[in-house]
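Letters go in sequence order (proteins before strands), and every chain restarts at 1. Keep in mind that what you see is a predicted model, and the values were worked out from it rather than measured.
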Amino acid sequence: MKTSQLLIATTRETPTDAEVISHQLMLRAGLIRRLAGGLYTWLPLGLKVLRKVEGIIRQEMDRAGAQEVLMPVVQPAELWEESGRWQQYGAELLRIKDRHQRDFCLGPTHEEVITDMVRKEIRSYKQLPINFYQIQTKFRDEIRPRFGVMRSREFIMKDAYSFHLDRASLEATYQVMYDTYHRIFERMGLNFRAVQADTGSIGGDGSHEFHVLADSGEDAIAFSTESDFAANVELAEAMAPAGERAAPSQAMSEVATPNVHSIDEVCAFLKVEPSQTLKTLLVQGASKEQPVVALVLRGDHEINDIKVEKLAMVANPMTFATAEQVQAVANCDAGSIGPIGLTIPVIVDRAAAHCSDFVCGANKTGFHLTGVNWVRDGQTGLVADIRNVVEGDPSPDGKGTILIRRGIEVGHIFQLGDKYSKALNANVLNENSRAQILEMGCYGIGVTRVVAAAIEQNHDEKGIIWPDAIAPFQVCIVPMQMHKSPRVKDAAEQIYQALTAQGIEVLFDDRNERPGVMFNDMELMGIPHRIVIGERGLDEGKIEYKHRRDKDSQNMDQAVFMDFLLQQLS
RNA sequence: CGGAGUGUAGCGCAGCCUGGCUAGCGCACCUGUUUUGGGUACAGGUGGUCGGGGGUUCGAAUCCCUCCACUCCGACCA
């Protein structure tokens, strides 16, 4: 394609509201334009990239035996009422009425629609397992769309749904999808990791997220320094410290700590490290008999509410006790609570249970205890994992220690089980002619988000650097003074024709612009391979080549240039 | 929803506090000349409901009221 036929919508200035680099570069390179909050138009160049991403996904899904379908964006309320999500889903579900005042919504996901299709079309266990996917627009009315297409309201997602007679079949397909996702992101040239994930509100058992690693990512991921263990920080298990708890060496004593509340204040006042202190949080209990439960953590650790909510004793969602409850239970202010002497259930984090000679609240406003020891001074009660892992913790698989990095979630696979098939009564006849509820898996990739994530991971100060597989064009030709030199024009045209004939996507900059403008635009747009043709080189029988990542260009003999370039592209 | 802020040319902004010539500047765009291996220079030019509505005033981009949109921080969520 020639630039004269393509909308080159590059800009020199960065709009002020673009915070992350991918958003800035997508605007500057002319890939997208904002229409309204969280709504973006894909310009020709951006759409080319999007189609590349879709193409890879489509190929790999087809290869994995999934069948493509296309379901409506607008969905009837009845289906959502049947699954219970018409009530469950919050304001993120955009609800609309048609002219007859019937309720509809814009689909944020398609579990209901696919399950409805399957219950109508699939009758026999002989048709299973089966896996359907689509690449379709979704709408989630995010409270705060941000970072461009990274977190927009309307976005494109590849979502797949598999159906099975039993758990084993589901697990087998789940594994196929797990492998397929690896192939997809590898082909895109992205640095990514599959991590164990929480199943969140969708429910179900097995789940992995696929994260593109980038410092600007919204999610924290825990890795092992030595094994391939990787999990979302929300889920990563915090192990008990190694070895036995040290024996008491100090006597317990009460010290006055006026107006000292937070761990930082306690540490500054008593001149101790946060790891030598314990903090006690009071939360709502799950039963009337135990309306308040105490959670004990080391001062330098953070509570993990997902882990806490899995404890039977604690109310879900986790809710902190009110000031009145704190007074009633501990007889002091929240800043002075400690585990010693409490009569309510106490749940102690593994690390906190390992402490000796620690500092904690005295359950007496303005006082703390020092030199406190478990067993001697009070019982630990239930010991559990209730905190976030931190860097340096031992890896849960016993190999290496934890490292925390940030990632952008681009894919998520779930073993859903029968949540939707049961609600919508999706069943088939099994071998015994009995109706049997289907097992279900679902597998998503944020297609539009992949584009942003790829840029987040592949850019420099000049602009985007596309991996070849998703570049809008593999090669660009930048002719010098073509509009005055027939030689340059002929040479450039010839190479353009030859490459195009090979099926290579080439962008030929035929604009009558200064070289600097052309170079800057091509670099900003991130075309991986650049060919420069000028009088200077032609005089010497040379053609200039530079990869977007190279520092310097190299001059190649015209005779061997084509072979050289094709080798670069393979 | 809570807190903060912004709305003036396609983009980025000044002007507002202290009301008063024809509302400015940079980039972009158009014309001409120039230049041509890294966003060239000069000259000329196009483009504005000053977010909408209402009010105060002889006079409002500027002051007041109201509505709207957007952005940032927080809570929420995949």
Side-chain angles (χ1 to χ4, degrees), chain A residues 7-20 23-24 27-28 30 33-39 85 88-94 107-109 111 138-148 150-153 155 157 159 197-204 207-211 217-219 232 234 305-306 317-320 407-414 442-446 448-449 461-463 478-485 488 509 511-524 530-540 542-544 546 552-553 555:
Chain A
L7 175 64
I8 307 286
T10 54
T11 61
R12 217 185 296 196
E13 291 175 35
T14 308
T16 43
D17 57 344
E19 291 179 85
V20 294
H23 189 196
Q24 293 171 4
L27 291 168
R28 286 225 293 133
R33 285 292 184 263
R34 198 188 77 107
L35 177 65
L39 303 176
R85 290 208 290 185
Q88 269 176 32
Y89 235 99
E92 221 174 85
L93 183 66
L94 184 63
T109 175
E111 280 87 5
K138 308 282 188 196
F139 192 94
R140 293 181 191 171
D141 201 357
E142 294 279 351
I143 293 175
R144 189 143 95 84
R146 59 185 124 179
F147 308 146
M150 192 89 86
R151 194 173 202 73
S152 52
R153 293 195 293 172
F155 59 100
M157 189 165 164
D159 49 328
D198 185 66
T199 48
S201 58
I202 294 182
S207 176
H208 284 86
E209 291 171 349
F210 287 77
H211 284 263
E218 291 189 88
D219 295 296
N232 195 305
E234 294 173 347
D305 50 2
I306 289 174
M318 188 186 92
T319 313
F320 285 107
I408 300 164
E409 186 194 344
V410 291
H412 201 161
I413 58 179
F414 285 89
C442 83
Y443 319 93
I445 293 179
T448 38
R449 185 182 278 188
E461 66 286 349
K462 288 170 185 265
V478 184
M480 296 293 110
Q481 298 174 60
M482 179 180 81
H483 294 268
K484 282 190 179 167
S485 166
V488 170
D509 201 342
R511 295 175 297 174
N512 187 9
E513 283 288 356
R514 290 183 59 86
V517 175
M518 294 194 277
F519 289 143
N520 282 320
D521 275 348
M522 294 301 150
E523 280 160 348
L524 178 58
R530 186 184 81 186
I531 299 169
V532 178
I533 297 166
E535 291 272 355
R536 208 163 68 189
L538 292 179
D539 286 342
E540 300 164 7
K542 304 276 192 185
I543 289 172
E544 183 183 311
K546 179 180 173 297
D552 300 306
S553 58
N555 285 308

Within the structure shown, what part of the strands sits under 4.0 Å from [X] by heavy-atom distance: base, sugar-phosphate, or nothing?
X        : value
A/Val478 : nothing
A/Asp219 : base
A/Arg140 : sugar-phosphate
A/Lys138 : nothing
A/Glu218 : nothing
A/Glu142 : nothing
A/Arg511 : nothing
A/Arg33  : nothing

*Out of curiosity, A/Leu538 CG to A/Ile543 CD1, how far, rounded to the nearest 0.5 Å?*
7.0 Å
Can you find an N or O donor on one side and an acceptor on the other, under 3.5 Å apart, linking the side chain of [X] with the base of [N]?
X        : N      : answer
A/Arg530 : B/rG38 : yes
A/Glu513 : B/rG38 : no
A/Arg514 : B/rU35 : yes
A/Gln481 : B/rG37 : no
A/Arg34  : B/rC70 : no

Would you mind telling me which of [options] lies closest to the side-chain atoms of [X]?
X        : options                : result
A/Val517 : B/rG39, B/rG37, B/rG38 : B/rG39
A/Lys484 : B/rU36, B/rG37, B/rG39 : B/rU36
A/Arg151 : B/rG37, B/rC77, B/rG39 : B/rC77

Determine the Euclidean distance between corresponding [atom1] atoms of [M] and [N]; express it in Å to zero decimal places.
N      : M      : atom1 : value
B/rA9  : B/rC25 : C1'   : 12 Å
B/rA4  : B/rC21 : C1'   : 38 Å
B/rG20 : B/rC63 : P     : 11 Å
B/rU31 : B/rG38 : C1'   : 26 Å
B/rU35 : B/rC17 : C1'   : 47 Å
B/rG52 : B/rU8  : P     : 10 Å
B/rG48 : B/rU56 : P     : 30 Å
B/rG59 : B/rG19 : C1'   : 8 Å

*Within the structure, does a side-chain N or O atom of A/Arg12 lie under 4.0 Å from either OP1 or OP2 of B/rA28?*
yes
Checking base pairs now: Watson-Crick or wobble, both atom distances under 3.5 Å. What partners [N]?
N      : result
B/rU6  : B/rA69
B/rC63 : B/rG55
B/rU18 : none
B/rG38 : none
B/rU46 : none
B/rG24 : B/rC13

Close side-chain approach of [X] to [Y], heavy-atom, < 4.5 Å:
X        : Y        : result
A/Val488 : A/Gln481 : no
A/Val532 : A/Met522 : no
A/Arg511 : A/Asp521 : yes
A/Glu544 : A/Met480 : no
A/Phe519 : A/Asp509 : no
A/Asp159 : A/Lys138 : yes

What is the distance, to the nearest angstrom, from the [atom1] atom on [X] to the [atom2] atom on [N]?
X        : N      : atom1 : atom2 : result
A/Arg153 : B/rC77 : CZ    : P     : 19 Å
A/Arg146 : B/rA75 : CZ    : C1'   : 11 Å
A/Glu92  : B/rC1  : CD    : C1'   : 15 Å
A/Glu540 : B/rG37 : CD    : P     : 15 Å
A/Leu27  : B/rU71 : CG    : C1'   : 14 Å
A/Asn512 : B/rU35 : CG    : C1'   : 11 Å
A/Leu538 : B/rG37 : CG    : C1'   : 13 Å
A/Asn520 : B/rG37 : CG    : P     : 14 Å

*When you check the gap from the basic side-chain N to the acidic O, do A/Arg530 and A/Glu523 get nearer than 4.0 Å?*
yes
